[in-house]
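Have a look at the structure below before the remarks.
For this chain, numbers begin at 1 and follow the sequence in order.
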Amino acid sequence: MVDAFPVRFRQGQELKSCLLEFARSRELQAPFVLSCCGSLSKVTLRFADDGLHQNKIVNYEQHFEILSLVGTLSGDRGHLHISLGDQHGNVIGGHLVGDAIIHTTAEVVIGECTRFSFSREHDESTGFPELVVKEMT
């Protein structure tokens, strides 16, 4: 079963920290992003590994429309990927590191898998804290 929690965040708020705080404050055990639309004025993204384990991190300070936001809200950082559109219709996307400042609004629906819990544990093979899913009994 999935529960849904609609929420709106406002101009000037930092999107990722708001999402994580929302999940924490409601003690959600297996939260994830179902839907998100809105806009950002600033964002930091990490792009895909170049094969040499060099992750490029880029800061943007311009207006973007949020086209897609997906991922889990477990642990201290969660794991979110975002697609953004600029004023020319160009699309960029990557791992949402943070510093995602809302320009006008962010309308989000957060889901929770009610029979499961999410956590994160360091994975030696990836070097990152990876998702651990446990079924609740």
Side-chain angles (χ1 to χ4, degrees):
M1 178 181 274
V2 173
D3 284 340
F5 301 86
V7 62
R8 177 180 175 229
F9 300 115
R10 301 184 183 281
Q11 184 177 36
Q13 291 183 289
E14 199 287 315
L15 180 58
K16 186 174 180 181
S17 61
C18 285
L19 291 167
L20 291 167
E21 177 55 30
F22 182 92
R24 254 190 307 274
S25 69
R26 283 158 182 75
E27 299 180 354
L28 303 181
Q29 298 301 304
F32 61 97
V33 177
L34 279 167
S35 173
C36 177
C37 63
S39 62
L40 300 176
S41 59
K42 185 178 180 183
V43 66
T44 301
L45 302 177
R46 186 182 78 220
F47 295 115
D49 186 331
D50 65 2
L52 302 172
H53 301 292
Q54 301 293 317
N55 290 298
K56 182 177 180 181
I57 296 176
V58 179
N59 300 305
Y60 294 93
E61 290 197 38
Q62 67 185 78
H63 296 157
F64 289 106
E65 290 293 317
I66 301 169
L67 306 177
S68 173
L69 178 66
V70 297
T72 57
L73 298 169
S74 58
D76 294 337
R77 294 184 283 175
H79 187 189
L80 298 168
H81 287 196
I82 193 166
S83 296
L84 302 166
D86 71 12
Q87 67 211 19
H88 304 290
N90 299 310
V91 176
I92 63 167
H95 179 91
L96 180 58
V97 174
D99 207 20
I101 305 302
I102 297 168
H103 179 60
T104 55
T105 190
E107 301 165 1
V108 185
V109 180
I110 296 171
E112 181 182 33
C113 299
T114 56
R115 293 182 17 236
F116 295 89
S117 68
F118 294 165
S119 62
R120 296 210 158 266
E121 293 179 7
H122 182 77
D123 185 319
E124 292 294 327
S125 66
T126 67
F128 292 103
E130 301 292 359
L131 183 66
V132 176
V133 178
K134 293 182 181 168
E135 190 163 5
M136 296 167 47
T137 56

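Between Gln13 and the choices Ile101, Thr105, Ile102, the side chain to side chain contact (heavy atoms under 4.5 Å, CB included) rule is met once, by Ile102.
Put simply, the side chain of Glu27 never gets that close to the backbone of Ser25: no donor and acceptor are under 3.5 Å apart.
In this structure, His79 and His95 have tilted ring planes: the angle between them lies in the 30° to 60° band.
Side chains of His63 and Leu40 form no contact here, defined as non-hydrogen atoms less than 4.5 Å apart. At a threshold of 4.5 Å between non-hydrogen side-chain atoms, the residues Leu45 and Val58 do not count as touching. Contact check for Phe32 versus Val2: side-chain heavy atoms found under the 4.5 Å cut-off. Residues Leu15 and Leu69 have side chains in contact (heavy-atom distance under 4.5 Å, counting atoms from C-beta outward). Put simply, the side chain of Lys42 does not reach to within 4.5 Å of the side chain of His103, judged on heavy atoms. When side chains are defined from C-beta on, Leu28 does not count as touching Leu73, because their heavy atoms never get closer than 4.5 Å.
Closest of all the heavy-atom pairs between Ser39 and Ile66 is N-CD1, 4.0 Å. Shown here for Ile57 and Arg46, the closest heavy-atom pair between the two residues is CG1-CG, 3.8 Å. Pairing each heavy atom of Glu14 with each of Asp99, the nearest pair is OE2-N, 3.1 Å. Looking at every heavy atom in both residues, Lys16 comes nearest to Val97 through NZ-O, 3.4 Å.
Both Ile82 and Phe22 belong to a single network of hydrophobic side chains, linked directly or stepwise wherever heavy atoms of I, L, V, M, F, W or Y lie under 4.5 Å apart. Linking ILVMFWY side-chain heavy atoms closer than 4.5 Å, directly or via other members, places Phe116 and Leu34 in two distinct hydrophobic clusters. Criterion: ILVMFWY side-chain heavy atoms under 4.5 Å apart, direct or through other members. Under it, Val109 and Leu80 are not part of a common hydrophobic cluster. Hydrophobic clustering (ILVMFWY, side-chain heavy atoms < 4.5 Å, transitive): Leu84 and Leu67 are in distinct clusters. Phe128 and Leu96 end up in different hydrophobic clusters when Ile, Leu, Val, Met, Phe, Trp and Tyr side chains are linked at under 4.5 Å.
To the nearest 0.5 angstrom, Ser117 atom OG is 10.0 Å from Glu112 atom CD. In this structure, OG in Ser74 is found 11.0 Å from CD in Gln29, a value given to the nearest 0.5 Å. Between atom CZ of residue Phe9 and atom CD of residue Glu107 there is a gap of 11.5 Å, rounded to the nearest 0.5 Å. Between atom SG of residue Cys18 and atom CZ of residue Arg8 there is a gap of 12.0 Å, rounded to the nearest 0.5 Å.
Other residues, nucleotides and ligands place more than 12 heavy atoms under 6.0 Å from the CZ atom of Arg24. Enclosure of atom CG in Asn90 by more than 12 non-hydrogen atoms of other residues, nucleotides or ligands within 6.0 angstrom is indicated.
At least one cation-pi condition fails for Arg120 and Phe118: the charged atom is not both under 6.0 angstrom from the six-membered ring centre and inside a 45 degree cone around its axis.
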query = Going through the distances and angles, do Lys134 and Met136 end up as a side chain to side chain contact (heavy atoms under 4.5 Å, CB included)?
reply = CA-CA 6 Å; Lys134 293 182 181 168; Met136 296 167 47; over 6 Å; no
inquiry  = side chain to side chain contact (heavy atoms under 4.5 Å, CB included) for Ile92 and Asp86? Distances and angles first, verdict last.
reply    = CA-CA 8 Å; Ile92 63 167; Asp86 71 12; over 6 Å; no
